[in-house]
Amino acid sequence: MRSLLHCCLSVLLLGLWLAPPLSGEPLRLYSQEYPPVNFSVAGEPAGMAVEVVRELARRSGQPISLEVVPWARAYREARTRPNAGVFVAMRTAEREPLFQWVGPITVNSTGFYGLNDFTPRIDTLEDARHHGQIAIPREWYSHQLLLAEGFTNLHPVPGPDMVVQMLKHRRVKLMVMDNLGLPAYLARGGLRDDEVKLLFSFLRSYSYIAFSPETDPSVVARWQEELDGMKRDGSFATIHHKWLPGAEMPGLRAPP
């Protein structure tokens, strides 16, 4: 009996020894070109959220791999891969059950923008339906929201750079953009800030790190704890101010 017990214990210990610790399994994290929050420089991820993610990985002792890819791929990988996530992603009612969430990371305001010679008033979503095609990044949260609102005049394109180009060359009268990414996208597209105006802001939202449902919930909980710790000790504020000076900083939890 003792020999059998010893044998079973040895097998159990061997199994535990062979199983890699959770902290040793890298998280695959994806982001997109969304300066200054997350983007790439010479192929290397950079930006406000990238610094936050790297610090969270350091504090939690969790190995990670970072990759900047087109949004559609980042979103798909984060939904379907175990131990994977996408950042930053807006937390919406439609997306809520699709991911596990850590955040908030940023506060965003999204609206309709036009060139300065655009004269009609836009005071409601209904007004925006009557000015031709609206350029919008495909599968962004704003695209999903306006589709749910029944918009039929959206012109989705692969990314925000193309959205700016469509407005610049007057292929559309309106584009949808958020306040944090707007300055960088305008500069990349050859438009000055004073050539474009906000016509109507229709969405205030919070961005998060969105982990796949198959990611270990204990890892997600640890990352949330570490993010809360960064906000309490001031290190989050230092990173946020470095990349987004003057922008509103999120608190420990976003309002429901």
Side-chain angles (χ1 to χ4, degrees), residues 32-35 37 70-76 78-79 86 88-99 101 104-208 210 247-248 250 254-256:
Q32 64 163 335
E33 293 288 346
Y34 177 50
V37 181
W71 170 253
R73 180 188 166 194
Y75 189 79
R76 180 180 67 251
R79 280 193 62 184
V86 57
V88 291
M90 302 303 162
R91 188 172 185 173
T92 64
E94 294 76 19
R95 293 176 177 175
E96 182 68 29
L98 304 178
F99 297 98
W101 303 89
I105 305 296
T106 63
V107 184
N108 300 63
S109 177
T110 301
F112 298 101
Y113 291 83
L115 295 173
N116 269 341
D117 58 5
F118 183 90
T119 55
R121 288 177 59 89
I122 295 182
D123 297 315
T124 65
L125 286 180
E126 187 61 33
D127 292 340
R129 301 178 194 269
H130 306 296
H131 297 287
Q133 296 287 292
I134 302 171
I136 191 168
R138 181 179 291 116
E139 293 303 324
W140 276 30
Y141 66 104
S142 48
H143 182 207
Q144 296 171 346
L145 182 146
L146 292 178
L147 283 176
E149 289 289 333
F151 270 69
T152 59
N153 59 327
L154 301 177
H155 188 111
V157 296
D161 288 318
M162 190 176 296
V163 168
V164 171
Q165 287 301 309
M166 292 186 71
L167 185 70
K168 177 182 179 180
H169 296 294
R170 300 180 182 273
R171 294 175 56 193
V172 295
K173 293 181 179 180
L174 299 175
M175 71 174 182
V176 173
M177 195 68 66
D178 74 69
N179 62 316
L180 297 186
L182 179 67
Y185 291 127
L186 291 180
R188 285 158 54 143
L191 282 173
R192 301 190 311 274
D193 290 355
D194 60 6
E195 292 181 279
V196 174
K197 61 182 178 182
L198 174 64
L199 300 165
F200 176 61
S201 179
F202 65 89
L203 178 64
R204 174 183 168 87
S205 54
Y206 296 82
S207 76
Y208 285 71
E248 181 181 356

Return the set of residues passing side chain to side chain contact (heavy atoms under 4.5 Å, CB included) with [X] (not counting sequence neighbours), or none when no residue passes.
X    : value
P70  : none
T152 : none
D123 : R121, D127

[X] versus [Y], closest heavy-atom pair with distance:
X    : Y    : result
M90  : S205 : SD-OG, 3.7 Å
I105 : P250 : O-CG, 3.4 Å
A128 : L174 : O-CD1, 4.2 Å
A89  : W101 : O-CZ3, 4.0 Å
W71  : Q32  : CB-OE1, 3.4 Å
I136 : V163 : C-CG2, 3.6 Å

Look at the side chain of [X] and the backbone N and O of [Y], then say whether any donor-acceptor pair between them is shorter than 3.5 Å.
X    : Y    : result
Q165 : G189 : yes
R79  : F99  : no
N108 : Y206 : no

Sorted by first residue and then second, give each salt bridge (charged side-chain N to carboxylate O under 4.0 Å, His left out) pair with at least one member in residues 143-156; sequence neighbours left out.
none
For Q133 and R171, which I'm curious about, is there any donor-acceptor pair between the side chains at under 3.5 Å?
no
Is any side-chain heavy atom of [X] closer than 4.5 Å to a side-chain heavy atom of [Y]?
X    : Y    : value
Y185 : P35  : yes
R188 : L186 : no
T106 : V37  : yes

From [X] [atom1] over to [Y] [atom2], what is the distance, rounded to the nearest 0.5 angstrom?
X    : Y    : atom1 : atom2 : answer
E94  : Y141 : CD    : OH    : 13.0 Å
D193 : E195 : CG    : CD    : 9.5 Å
I134 : M166 : CD1   : CE    : 11.0 Å
R204 : T110 : CZ    : OG1   : 11.0 Å
L167 : L115 : CG    : CG    : 4.0 Å
I122 : L199 : CD1   : CG    : 5.0 Å

Step by step, work out the side-chain contact (heavy atoms from CB on, under 4.5 Å) result for L203 and L145.
CA-CA 9 Å; L203 178 64; L145 182 146; 3.9 Å; yes
Are R91 and Y208 in a cation-pi setup, meaning NZ or CZ lies under 6.0 angstrom from the ring centre and within 45 degrees of the ring axis?
yes
Is the Lys NZ or Arg CZ of R129 less than 6.0 Å from the centre of F151's six-membered ring, within 45° of the axis?
yes
Working note: V157 + H155, criterion side-chain contact (heavy atoms from CB on, under 4.5 Å); need CA distance, chi angles, decisive distance, verdict.
CA-CA 7 Å; V157 296; H155 188 111; 3.5 Å; yes
Pairwise ring-ring contact (aromatic ring centres under 6.0 Å, His included) hits with a residue in residues 104-133, at least two apart
F112-F202, F118-H131
Show which side-chain atoms of residues 175-184 pair as donor or acceptor with protein atoms under 3.5 Å away, not counting sequence neighbours.
residue, atom, partner, partner atom, Å
D178, OD1, Y34, OH, 2.8
D178, OD1, L180, N, 2.9
D178, OD1, G181, N, 3.1
D178, OD2, Y34, OH, 3.0
N179, OD1, S109, N, 2.8

Are K197 and D117 within salt-bridge range, i.e. N to O under 4.0 Å?
no
Less than 4.0 angstrom from a charged side-chain N to a carboxylate O is my criterion; do R76 and E139 meet it?
no
